[in-house]
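First up is the structure itself, then whatever we jot down about it.
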Amino acid sequence: VHSLLVMSGVLRSLTVGSWPWRVVVLASVRSFATGVPEERMYECIHVEKKDNVGVLTLNRPRQLNALNAKLMEEVNEVLRMFDADPSVRCIVLTGSGTKAFASGADIKEMATRTYSECVRDDFLQSWEDVMQI
């Protein structure tokens, strides 16, 4: 996936060298309407695909899109799906709500675990998986 993201405007095409790139500019998620039906419903994210652009929206606005295990599992699944799709040239990762893209780790979920439990159970492995895509 070749991507270049800029945060405020519209979708544009761009050729850099021999690679066609997509520059995605979003003022808000609402300005990027697709009408494409989802193949699978997710609990913590919203997924859209328009032309060559995959849009993944964190969708826990009441929790300021805090990153819990379920959300990270869904994010990894969709990023792998977009990465494997040769028609997807750009992936936009954004957040719902008006206060934050993402507030970081879901502290409420982590509060009941000790450090050794987090290490033993690979609690942060899904975060590292995102970096590999």
Side-chain angles (χ1 to χ4, degrees):
V1 174
H2 302 284
S3 60
L4 176 61
L5 303 180
V6 183
M7 298 302 286
S8 74
V10 274
L11 179 63
R12 302 178 193 273
S13 294
L14 171 70
T15 301
V16 178
S18 62
W19 287 96
W21 290 63
R22 289 288 193 182
V23 177
V24 179
V25 187
L26 293 177
S28 72
V29 177
R30 290 182 200 95
S31 68
F32 190 81
T34 65
V36 176
E38 296 177 13
E39 293 180 17
R40 176 182 173 328
M41 296 299 292
Y42 295 93
E43 183 180 328
C44 300
I45 63 174
H46 179 72
V47 179
E48 298 175 275
K49 183 178 171 194
K50 169 116 172 137
D51 299 325
N52 298 95
V53 179
V55 180
L56 191 160
T57 305
L58 307 180
N59 194 26
R60 297 182 71 217
R62 288 182 34 192
Q63 296 84 13
L64 300 178
N65 299 319
L67 308 174
N68 66 4
K70 182 67 175 170
L71 181 139
M72 293 303 296
E73 174 187 316
E74 292 177 359
V75 165
N76 274 299
E77 178 183 327
V78 171
L79 287 178
R80 279 191 218 98
M81 178 186 69
F82 282 154
D83 192 45
D85 183 344
S87 71
V88 175
R89 306 295 282 170
C90 176
I91 299 171
V92 176
L93 178 59
T94 187
S96 63
T98 58
K99 293 186 179 183
F101 160 69
S103 60
D106 190 338
I107 302 302
K108 287 182 182 178
E109 182 179 59
M110 296 176 71
T112 60
R113 298 179 176 197
T114 66
Y115 176 76
S116 60
E117 288 174 329
C118 289
V119 172
R120 182 191 68 224
D121 299 337
D122 280 334
F123 180 70
L124 299 178
Q125 182 60 46
S126 62
W127 295 43
E128 292 187 25
D129 290 346
V130 168
M131 294 186 294
Q132 302 302 315
I133 298 173

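Remember, it's a predicted structure, so these values are computed and weren't measured experimentally.
The CG atom of Leu56 sits 8.0 Å away from atom CD1 of Ile91, with the distance rounded to the nearest 0.5 Å. Considering CD of Glu109 and CE of Met72, their distance stands at 11.0 Å, rounded to 0.5 Å. To the nearest 0.5 Å, atom CD of residue Gln125 and atom CG of residue Asn76 are 9.0 Å apart.
Listed here is the closest heavy atom pair of Phe82 and Glu48: CZ-O, 3.6 Å. Contact detail for Glu74 and Glu43: the closest heavy-atom pair is OE2-N, 3.0 Å. Between Pro61 and Gly97, the closest heavy-atom pair is CB-CA, 4.0 Å.
Shown here are the salt bridge (charged side-chain N to carboxylate O under 4.0 Å, His left out) partners of Glu117, two or more places apart in sequence or in another chain: there are none. Annotation: side chain to side chain donor-acceptor pair (under 3.5 Å) contacts of Asn59 (sequence neighbours excluded): Ser96.
Under a 3.5 Å cut-off, the side chain of Asp51 and the backbone N or O of Val53 do not form any donor-acceptor pair. Between the Asn52 side chain and the Ser87 main chain, a donor and an acceptor come within less than 3.5 Å of each other. No donor-acceptor pair under 3.5 Å is formed between the side chain of Arg60 and the backbone N or O of Cys44. Asp85 places no side-chain N or O within donor-acceptor distance of the main-chain N or O of Met81, the cut-off being under 3.5 Å.
Leu64 and Met110 are not part of a single hydrophobic cluster, where members link through side-chain heavy atoms under 4.5 Å apart.
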Item to complete: Go through the steps to decide whether Gln63 and Asn68 satisfy the test side chain to side chain contact (heavy atoms under 4.5 Å, CB included), and finish with yes or no.
Response: CA-CA 10 Å; Gln63 296 84 13; Asn68 66 4; over 6 Å; no
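By the 4.5 Å heavy-atom criterion applied to side chains, Ser126 and Glu73 are not counted as neighbours. Looking at heavy atoms from C-beta onward, Lys50 lies out of side-chain contact with Val55 at the 4.5 angstrom threshold. Proximity of Phe101 to Asn65: side-chain heavy atoms (C-beta onward) are nowhere separated by under 4.5 Å. At least one side-chain heavy atom of Leu58 sits under 4.5 Å from a side-chain heavy atom of Val75.
For the salt bridge (Lys or Arg N to Asp or Glu O under 4.0 Å) condition, no pair includes a residue of residues 90-100, sequence neighbours left out.
Few gaps surround CZ on Arg120; more than 12 heavy atoms of other groups in view lie less than 6.0 Å from it.
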